[in-house]
Each structure stands twice: as C-alpha cells, then as structure tokens.
Engineer: 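Mind having a look at this structure? Questions to follow.
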Amino acid sequence: MSELSVYRAHEPGQSPVAESLLTMLAVVTVCLLAAGYGRGVQELWTRRGTGRVIPGWRVGAFGAGLLVLLGAEQGPVHDVAESGLAGHMAQHMLLLLVAGPLLAAGAAGLPLSMAAPLPLRRLLARCRVAPPVRRLRHPSTYALLAGGGQTVVLWFWHLPGPYAAAVDRPAVHTTEHLCFLATAWLFWAPVLGSPRHRAPAPVTVLLLAGTMLPASALGAVLTFAPQPVYPQRVLGADPLADQQLAGLLMWAPMDLAVLVVALAVSLRWLLRMDRDRPDGLRGKPVPQGAVPMATTAETERKVR
C-alpha cells in the first residue's frame with residue numbers, strides 16, 4: 001500500500017487501534033444479525049413448517065447480503081477502496097446495490113422480532129399499532145420516505161467535506177457506511193421485501209425513477225466536472241481521471257440496476273392486470289342465442 005493511501009486511511013497521529021476496534025464491532029454486529037435472523041426463521045419454520053412464511057430463497061438472500069457486507073468492508077475490496085475515490089465508490093455501490101437489496105429481500109423484520117426477548121417483542125408490537133407508526137408504515141408513505149432518505153444520504157456523504165472526513169477518521173467512515181447500508185436496506189424493502197409490505201407497482205416505479213435521477217445527477221457532476229471537486233489527498237495518482245471513473249461507477253451501475261427492477265415491476269403489474277380483469281373486458285364474442293346489449297340510441301329511446 002502506498003504512503004498516500006496509508007495517510008488517507010489513518011490520519012496523522014491517530015492510532016490504527018480505533019479502526020481495528022471498529023472492524024471487530026462490525027463483525028460482531030453481522031454475527032448477531034445472522035444469529036437473530038436464524039433463530040427467528042427456525043421458530044417460524046417450527047410453528048408453520050419448513051419454507052413457510054419465510055421461503056428458503058429469502059433466507060439465502062439474507063445470508064448472501066451479510067457475506068457481501070463483510071466482503072465490502074474487508075479484504076481486497078477494502079484495499080482497493082484505499083487507492084482513491086473510484087475504489088471507495090465501488091465499495092459504496094456494493095453496499096447500495098448488492099448488500100442492501102439482498103438484506104431487504106430477506107424480509108428480516110418478522111424473524112428478528114421473533115428472536116427478540118418477550119418484553120422487547122411486546123414493546124415492538126405496541127409501537128407497530130400506534131397511530132403515528134401505522135401511518136409511517138403504510139407502504140406508499142414508507143416508500144417515499146425511504147427514497148428521500150437514500151437520496152439525502154447519498155448526496156451528503158459525497159460532498160467534499162463529509163467525504164474527506166470519512167477518509168480521515170475511521171469512526172466517521174464507519175458511520176458513512178452504516179448510513180449507506182441502512183438507507184439501502186430500507187429503500188429496497190418495499191420493492192423486494194414481503195409482498196404484504198410492498199408498495200403498489202405505480203408507486204414503486206415512481207420511487208425507483210425518482211431516486212435514480214438525483215443519483216444520476218451526482219454521477220454526472222463527478223464525471224463531467226472540469227477539475228477535481230475533492231481535496232487532492234483523497235484522490236488517486238491522476239485526480240481528475242479518478243474522479244471521472246468514480247462518477248461512472250455511480251452512474252452506470254445504479255441506472256442499470258434501477259432500470260431493470262423498474263421494468264420487472266412494470267411487467268409483473270401489467271401481467272397481473274391482464275390476469276385479474278373481468279372476462280367482459282377481454283372482447284370475447286357474444287355467445288350464440290344471447291341478446292346483444294342495446295345500442296346507445298336504442299337505450300335513449302326506451303328511456304324516453
């Protein structure tokens with residue numbers, strides 16, 4: 001690792017012990033999430049049967065999301081992130097477009113609440129039925145709030161000041177990644193989560209499009225800026241090229257992922273409408289011997 005990357009990873013005079021402790025805390029948190037989710041799924045499957053309520057593919061998605069989270073924070077991905085803005089952007093996209101959607105697809109709300117102690121479970125149940133919380137938990141309201149939250153977090157942490165602070169200080173860096181993961185998890189929950197908690201298809205499409213546009217604008221700013229907008233010390237060997245590559249890494253993958261999901265939601269919505277609409281709207285021929293419906297003119301004469 002170059003001296004520049006070491007300087008960015010550890011502010012001068014700051015001990016790397018803080019970063020090691022934060023890493024241990026992250027690993028412990030992931031282990032607790034996995035244990036709680038597994039305990040809740042086991043209890044649900046014991047009561048309802050294996051694969052009921054929470055299908056096996058959702059369990060696999062949640063486990064894969066935890067593995068992606070660990071992979072994004074440690075190992076080669078972490079080393080690449082230390083090389084400049086583009087590496088950090090790749091790390092951010094893993095959290096926003098891979099780990100977050102996988103965790104949301106796991107539908108972890110019910111399993112984690114089942115694994116909680118009984119007093120905490122009762123407290124959560126009382127909170128869910130409270131009128132303000134019920135209004136916030138409405139799928140459409142929740143989707144709009146989650147989309148707005150992710151947009152604000154994405155723009156805030158990619159401003160020059162907050163981004164430089166995250167590079168310099170491990171605690172701020174961890175907070176940044178927690179914000180990305182939490183907002184991505186909440187954002188994708190009404191899209192990929194449990195069917196009863198999903199937003200209506202039109203709301204989902206608007207949510208995806210409305211969130212994609214600000215992210216695309218931020219990627220375009222980084223890509224087409226005539227000069228670096230970040231301090232030189234947080235960029236790679238070629239600052240402008242590093243910033244442009246980071247903008248493309250935000251722009252292209254996010255637009256592609258959101259576009260694919262929006263098309264899939266729209267197609268499923270149209271197929272459901274075609275399947276559920278009444279037979280009379282399908283333009284079937286009138287059966288032989290049946291009396292055809294009176295025309296508008298005939299109906300008016302009869303009324304008169």
Side-chain angles (χ1 to χ4, degrees), residues 22 24-70 73 95-96 98-153 171 174-201 203-204 207 211:
L22 289 172
M24 292 177 59
L25 180 61
V27 172
V28 170
T29 302
V30 169
C31 292
L32 290 176
L33 280 174
Y37 185 84
R39 177 69 182 87
V41 170
Q42 181 187 17
E43 186 168 348
L44 286 171
W45 284 1
T46 301
R47 294 182 180 183
R48 302 291 184 88
T50 302
R52 303 293 298 275
V53 184
I54 302 293
W57 70 267
R58 290 194 179 274
V59 177
F62 190 83
L66 294 179
L67 291 177
V68 172
L69 173 59
L70 287 176
E73 296 295 331
L95 296 174
L96 291 169
V98 183
L102 286 173
L103 293 175
L110 183 58
L112 290 178
S113 63
M114 293 291 292
L118 186 58
L120 180 57
R121 197 184 307 177
R122 290 174 177 171
L123 177 61
L124 291 174
R126 287 195 295 269
C127 291
R128 288 194 190 99
V129 298
V133 177
R134 290 180 62 183
R135 286 193 291 270
L136 290 176
R137 291 178 66 236
H138 188 275
S140 298
T141 304
Y142 173 82
L144 295 176
L145 291 176
Q150 176 163 291
T151 300
V152 170
V153 166
T174 301
T175 303
E176 175 195 44
H177 286 189
L178 284 176
C179 290
F180 286 147
L181 182 66
T183 53
W185 191 342
L186 294 175
F187 172 78
W188 288 102
V191 181
L192 303 175
S194 175
R196 61 176 180 168
H197 296 309
R198 288 180 187 169
V203 176
T204 301
L207 169 68
T211 307

Engineer: Specify the closest pair of heavy atoms between Pro101 and Val98, including all atoms of both residues, with the distance to one decimal.
Structural biologist: CD-O, 3.5 Å
Engineer: For Leu96 and Gln150, run side chain to side chain contact (heavy atoms under 4.5 Å, CB included): C-alpha distance rounded to whole Å, both residues' side-chain angles, the deciding distance at 0.1 Å, then the answer.
Structural biologist: CA-CA 9 Å; Leu96 291 169; Gln150 176 163 291; 4.2 Å; yes
Engineer: Enter the distance from Thr183:OG1 to Leu178:CG here, rounded to the nearest 0.5 Å.
Structural biologist: 10.5 Å
Engineer: Using every non-hydrogen atom in the two residues, find where Ala189 and Ala104 come nearest and quote the distance to one decimal.
Structural biologist: N-CB, 3.6 Å
Engineer: Heavy-atom count check: over 12 atoms from other residues, nucleotides or ligands less than 6.0 Å from Arg122 CZ?
Structural biologist: no
Engineer: Nearest 0.5 angstrom please: Trp185 CH2 to Leu192 CG, how far?
Structural biologist: 13.0 Å
Engineer: So which heavy atom on Ala116 is nearest to which on Arg121, and how close?
Structural biologist: O-NH2, 3.3 Å
Engineer: With rounding to the nearest 0.5 angstrom, report the CD1 to CZ distance, Ile54 to Arg48.
Structural biologist: 10.5 Å
Engineer: Can you tell me how far apart OG1 (Thr211) and CG (Leu144) are? Round to the nearest 0.5 Å.
Structural biologist: 9.0 Å
Engineer: What is the minimum heavy-atom distance between Ala184 and Gly100, and which atoms define it?
Structural biologist: CB-CA, 3.9 Å
Engineer: Considering all heavy atoms of both residues, which atom of Pro190 and which atom of Leu207 are nearest to each other, and what is their separation?
Structural biologist: CG-CD2, 4.5 Å
Engineer: For the side chain to side chain contact (heavy atoms under 4.5 Å, CB included) test, which of Leu181, Thr174, Leu95 pairs with Glu73?
Structural biologist: Leu95
Engineer: Dump the intermediate steps for side chain to side chain contact (heavy atoms under 4.5 Å, CB included) on Leu102 and Phe62, then the final yes or no.
Structural biologist: CA-CA 6 Å; Leu102 286 173; Phe62 190 83; over 6 Å; no
Engineer: Do Arg52 side-chain atoms and Leu44 backbone N/O form a donor-acceptor pair below 3.5 Å?
Structural biologist: no
Engineer: Are Phe187 and Val153 close enough, and set up right, to give a side chain to side chain contact (heavy atoms under 4.5 Å, CB included), and what steps lead you there?
Structural biologist: CA-CA 12 Å; Phe187 172 78; Val153 166; over 6 Å; no
Engineer: CE/Met114 to CG/Leu124 distance, rounded to the nearest 0.5 angstrom?
Structural biologist: 12.5 Å
Engineer: Please find the pair of heavy atoms, one from Tyr37 and one from Gly106, that lie closest to each other, and give the distance.
Structural biologist: OH-O, 2.7 Å
